[in-house]
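See below for the structure under consideration.
Residue numbers start from 1 in every chain, and the chains themselves are labelled A, B, ... in the order their sequence lines are given, proteins ahead of strands. We use all heavy atoms of the structure for the numbers below, so side chains are in, but hydrogens, waters and symmetry mates are not.
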Amino acid sequence: MIAVAPMPELTDLILEVGGHELQVCMQCGTCTAVCPWPRVKPFSPRQVIRYMAFGFEGFEQEDLWNCVTCRTCVQRCPRGIDLLEVMRAARAVMLESGSGPRTFSGPLASLRTEGNPWAGERQERYGFAAPRPVPPYDTDKDYLFFSCCTQSYDPRNRRVGTAMLDILNTAGVRYGCLGAAESCCGDQARRIGAQDVYDDVKQQNMTLFEEHGVRELIVASPHCLQTINQDYAKGTELHATHYATFFHRLVQDGHLILSKPIEAKVTYHDPCYLGRHAGEYEAPRELLRAIPGLQLLEMPRNRERSLCCGGGGGGIWLDVPSEERFSVLRVQEALRTGAEIIATACPYCTAMLEDAIKNLDVEHALRVLDIAELVAQSMTTEAGQ
Amino acid sequence: MQERIGFYICHCGINIASRVRCPEVAEYVATLPDVVVSRDYLFMCSDPGQELIEKDIPAYGLTRVVVASCSPRMHENTFRGAVARGGLNPFRCFHHVCVREHVSWVHTDMDEATEKAKTLVRAGVRRVARQADLFPNTFPVNPNTLIVGGGIAGMQAALDIASAGYHVYLVEKQPTIGGHMLQYDKTFPTLDCAACIGTPKMVSVGQNKNIDLLTYAEVEELSGFIGNYTARVRKKARYIDASKCTGCGECTKVCPVDKPNEWDVGTLKRHAVYRSFPQAVPITFVIDKNDRAPCVQTCPAQTNAQGYIALIKAGKYLEATQLILEKLPFPGSLGRVCPAPCEAVCRRKKVDEPLSIRNLKRFAADQVDWDSLPLPPIEKKSEDDRVAVIGSGPAGLSAAYFLARMGYPVSVFEALGVAGGMMRTGIPDYRLPPAILEREIKYIERLGVNLHLNTPIGKDRTVDDLFHQGFRAVFVATGTHGDAKLGIPGEDAQGVMAGVAFLKRQNLAGDARVGEDVVVIGGGAVAIDVARVARRIGAKRVRLYCLEACHEMPAWEEEVHAAKAEGIEIHNTWGPAQILVSEGKARGIEFKRCTRVFDDKKRFSPAYDEAQRQEVCCDTVLVAIGQRPDTSWAEGSNVPLHPRGYVQADERTFATERPGLFAGGEVYTGPSIVVQAVANGHEAAISIDRYLRGEDLLEARPERPKGEQWNPIPDDALPTPRAKMPEIALDQRQGFEEVELGFTEAQALEEASRCIACGTCSECMLCVANCKAQAIDHSMKDEVLNLDVGSVIVATGFDPLDPTPMHEYGYGKYSNVYTNLEFERLSNATGPTAGALLMRDPENRYHFTSPPSSVAILHCIGSRDVNHHEYCSRTCCMYALKYAHLLKDKVGHDVLVYNFYIDMRCFGKGYEEFYRRIQGEGVRMVRGKATRVTDEAESPEEEGKLVVEAEDTLTGKLLRVPVDMVVLCTAMEPRKDTVDVARTFGISIGGDGFFLEEHPKLEPVSTATAGVFLAGACQGPKDIPDTVAQAKAAASMAQALTSLGRVEVQPMVSSIDEDICVGCKVCIGLCPYSAIEFDDRRGISVVNDAVCKGCGSCAGYCPSGAAKIRHFTDRQIFGEIEGLLVARSAS
């Protein structure tokens, strides 16, 4: 075995850009034991941190880009380390030095030019809404509806976007959109360490919000939710609400009536950023329970123990072999409950699960539907009365 | 006089000098007015440093000295000493300025720090000139020490102090001393048994003449000051006299109540009368009582339901009946007809359904032979104290019964030819067979009660006559035997009958007649009885009409169901408008719709919809809408009657205005239930007894029991249905045979075992009968003692963390996940398995089966975890190794033992050696925190096992380890009552929640309150050797105080200027130490110097400015402030 010397320079770089908590790690292995990765391939967050602490080479290869920022480890870490921040810092250092997965370059370039990672044209951001008119945001409006790029450009998720607008219209919510001027919230860019890209989109959005006097937002993804509430909102009065939470409130207050039955067995997949990150487990479930005829089934891993779809932290841009995809495992778990529908509340989850269903060739047995789609189906519309 | 001030600034090595330019400060201070010498020095606290001051005082003629150095907490006393040696009063002439903690340690900029030092010093120089002479007070020290907590720390400290010849009060909350250590099995690293080394300490404590052991006791309040404390101690009632109890254990053999033994942490049950473990000190048993059970509190007669249920469970039916007879003479009758308010409040319903208490009472009463039922011992009273009772219903007979038991000669006068009142005439035989009532009346007669049947009081023999005939007291209980009338047309027609009269006729003569088609009017119990009787005597159709909606009907729900089952039709919300008559005979009734029965204030006030009417055809109408008292008994006498015929009497004593005349039962309360009448009779008997003995009727009369501190619902109380009363088949209910057949013995035993013993001790009194030493006294009360002591040692220990909320480890869900303390009890010879390490039966948590073949021991459960406790509990690594050894030793070498650890901390003497030894025995050490325990098998090997998940960080492999048993090494936590205890003793609490020592290194056993010391795990997690060492340290601190005999108290306390004080007393209310008293003679408030702590509450508020804190006067403080402000304006 060849003896090596620690490389404190590399460690210092990581510490500098926000990874300082890695220093208090006591190497107990809790993160590794609760991480979803070791179940599909060898991966130890503990060891990645250890390598970082010594500046050893090796972690920056594939391992560093594995983390899907699902937050299972942070929830349990006895030393209270925000491992996601550590990962972000290390990734930032690596990206800076030019070593990052090639598949990231496309989305990052698209973010820089079009304000979305999906190579969609900026002008098309609210194209999904057609033929519905998109109400412009002005100070008379109570809420800004803030679209997620995935739901704006991903064909599967565009249907979810229309459902959301239909619900808002039916409930008579006074909302508006800023259309093509909106940019991606930047969550994925930030999580993969592309700080410059993130700073740019954030700056664009913040300027936009300021110009229009935006305070309250309804967001179409839990990733936007966390990015806005945890980072954008610092020192401001900005406040974002996830659409599931918002719809649940509409039902509670009687602005939205769920009357049309959906006779189906449904299991609910907790998105990491809505559940473990934002602590919202019950509102989506209560929404589902409010739909007549719907039978809610739970997968063994639910709420705090939910399994990630694999889409967060840049995962949605990576090419992962199907046997290593969490989404595939998750679809299998859902099938075992006997559910016909796997409901969720995040565009990444919808996209990833949809892919896994096709991959497993089980479209006949299971469909993925966003909660917004189910709510839109069940709600009483004036036309229906 | 011109002041001459000397100033000295200390470098403290580089502690101060690295941030403060000390020579510059000294130079600056030299320029201040009155300063005649100003120096800087490397270490002012050193001998040469102090000598500087001592020499300068005479050399420069110094009158004041200021030292700028560390915190006054460190060296104020040092420099005061130096100043005193220089011949000056140290309080007048010395002031200490802090430039280390307040300056150099908290500033990074040298210029800023130096400026701040100058500012603070200038303030100090201004202040010192305004200080005055002060002289510390000294007080004697009480030689006794109070030790709180009888664990190993408390025991050791007590023994040490006692061995020095001083007296100790050792107060322990539990019934025994010993603490956690005595719950353990072996002790690391030597593996000697905890009992072997612990019980000798317990015995020594128990026998030492210098130790007053107060177990089952708590300190409620500590007042006074160092050397002179008074502790108020509540000694809880043990209900067993320690001087008589021999510890034989006969009491516990007969106790029918079970609950988990705290000592065995839920692995073993104990009885309500118990001893924690066989070697307990003191050996005296204790009876565990909560507030009386809700059933007992609710019963109008206060029948001890929990008690007789416990006795039934124990198969003691005679004793159960006798216990019921303590409170009522009709166990069999009430066991049939009581609506059982007790069942409505039974806490068993939180698990499933209330107990069938009434039916259990009936069961007990039906098991005994009433003819041979022994009579209680009766002490006969004088023949002159004769008592008359008018009416032989439940109230009258109960009063007679209780008076007879007290020894009074009692005569009961009954107008009818049978006794029993409404129980006999009003309740149909199929509910209460006459034979049952008769056997109970016979029993009352056997007690000596004279029953005069066919002897109405009123016309021929008045109440006045009774008094004239020598009856010294008369109890009226004539009931309500008159029927209320409808007051509608047609009521007098043939075929219309009153309900009570109808029942009476059937019950007494058996010749009541009805037609084929009967309508009953009324929704109460009597109406239901009337309907069911009508059915039995031949009516083909019986319909019941009442005003109330179904849920409002006053009738007892079970009876309504029985009536419906027997084919009676119930029509709710109809009121009669008129009875339709044809040829003098009733042929039907016209009803109108009742829209409301009670008004907003719940008063009876029916409203009708006159438009909604219906006619019902029938041939018989039975009216059962209420009863009225018959007042014929009162004729010719002076009796205080209510206009409606009721007697007016006191609601607690049942005494009327007329001396010697008492009244109760329905003639007082109006229509009610039998058990209420019984309760009235009993209370009246108590009043009559008091009246006859010339006592006040109310004074010290026992209150009804109250309180809601009940036994928690046991976790092994699984939902089981309430026993179902066997009944005769519906098609056989033609005659008047009893419908309910009574529980079988098996049913009764199972039903009784559903009781969750809310009051813990049921007061069944079996223990009393079984105690040959006659040591048991259920009437014992808590005792409050005031102890005078000079010092206090707090050694209250720790609580183990409850891992139930940490779902990931499955504690409480999987029966073979144990806490460390449970494992200790399993391994302990006095535990549930007598020391065998066995797995728990998943069906019964108190049953243990076979030894495990593999065990996982999980370290750091709640320790070293920011989500729970950040600190290390310091003992777990070592006891986890000990468990590994015990498993190998007791179960066999083959047993697989895994230790999941983060870091092994084997730091003590012999600990590392122990670690090596246990590794050598073959334990598998997994370096990684266990994250989850699950029973979800992923492979055939995992089937039926508990699987522990972790990463072995040394190999980097993810592990799933299937085992039979998991032991959680839980954190040591501060006691749940830490905050209260801290308040009582004036101790601070640290960030970890444990008691805070005065200094983490140099004052490890002292606290913020002088004379109060700490020992053991109440100060922080520690093992036995450290605990004992700390206990010995605390003991030496207490002894030092005692042996010196005097204590010096700082003079910086409050003083009230008697010339200025106006005696407004505001300060007295503000003082948190009760140090101020009012001098009535001089009309001023006076401070007790010894008690005052100088907090300044009084001085800050005193409206006249009379109260001042010495050494912190306004002049001195303003001097300091001026010094600070001058600096600001100058810069």
Side-chain angles (χ1 to χ4, degrees), chain A residues 21 23-51 53-54 56 58-59 63 66 70-83 276 279 281 298-307 324 329 332-333 336-337, chain B residues 801 803 805-810 813 856 858-873 876-877 898-905 925-939 947-961 968-971:
Chain A
E21 283 188 7
Q23 297 175 116
V24 301
C25 173
M26 62 176 166
Q27 290 286 301
C28 69
T30 298
C31 47
T32 305
V34 299
C35 177
W37 274 114
R39 303 303 168 104
V40 296
K41 67 173 185 182
F43 172 65
S44 168
R46 174 194 59 77
Q47 206 163 38
V48 170
I49 287 188
R50 192 69 182 160
Y51 273 57
F54 283 97
F56 286 157
F59 74 86
D63 277 2
N66 274 337
C70 72
R71 211 174 175 272
T72 310
C73 53
V74 179
Q75 205 169 247
R76 293 286 303 278
C77 176
R79 280 282 164 91
I81 300 171
D82 186 344
L83 279 89
R276 274 183 294 268
Y281 298 106
E298 291 288 357
M299 290 179 273
R301 287 194 258 189
N302 61 60
R303 296 181 171 83
E304 288 87 350
R305 288 193 60 231
S306 171
L307 174 64
E324 291 178 9
L329 295 176
Q332 286 164 341
E333 284 182 13
R336 280 196 288 275
T337 64
Chain B
L801 171 138
M806 305 161 91
H807 300 295
E808 57 271 23
Y809 297 115
K813 180 178 171 196
L858 278 44
H859 296 219
C860 298
I861 302 301
S863 308
R864 303 190 68 196
D865 186 339
V866 292
N867 304 304
H868 302 278
H869 298 299
E870 199 171 348
Y871 56 77
C872 165
S873 290
C876 326
C877 286
Y898 299 90
N899 261 267
F900 292 81
Y901 70 97
I902 305 175
D903 296 297
M904 288 303 290
R905 296 186 163 174
M925 303 299 292
V926 178
R927 195 204 169 275
K929 182 166 178 173
T931 55
R932 188 168 166 236
V933 177
T934 176
D935 65 351
E936 293 162 22
E938 289 183 6
S939 66
V947 181
V948 181
E949 293 181 353
E951 183 195 13
D952 176 49
T953 60
L954 300 180
T955 58
K957 292 217 184 309
L958 195 64
L959 298 182
R960 276 179 68 89
V961 182
L968 305 177
C969 301
T970 60

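Residue Arg50(A) does not touch chain B at all, counting heavy-atom pairs closer than 4.5 Å. Within the 4.5 angstrom heavy-atom criterion, no atom of Glu304(A) approaches chain B. Contact of Arg76(A) with chain B is made through backbone and side chain together, with heavy-atom distances under 4.5 Å.
Of all the heavy atoms in Leu958(B) and Ala33(A), the pair that sits closest is CD1-CA, 3.5 Å.
Panel note: side chain Arg927(B), backbone Gln27(A); a donor-acceptor pair is recorded below 3.5 Å. Between the side chain of Arg79(A) and the backbone N or O of Val866(B), no donor-acceptor pair lies under 3.5 Å.
The existence of a salt bridge linking Glu949(B) and Arg39(A) is confirmed by a sub-4.0 Å separation between a basic side-chain nitrogen and an acidic carboxylate oxygen.
Interatomic distance, Thr32(A) OG1 to Leu959(B) CG, rounded to the nearest 0.5 Å: 11.5 Å. In this structure, CG in Asp903(B) is found 7.5 Å from CE in Met26(A), a value given to the nearest 0.5 Å. Interatomic distance, Lys929(B) NZ to Cys77(A) SG, rounded to the nearest 0.5 Å: 9.5 Å. Taking SG from Cys31(A) and CD from Glu951(B), the interatomic distance works out to 7.0 Å, rounded to the nearest 0.5 Å.
When each of Arg864(B), Lys957(B), His868(B), Glu870(B) is checked for heavy-atom pairs under 4.5 Å with chain A, Arg864(B) comes out on top.
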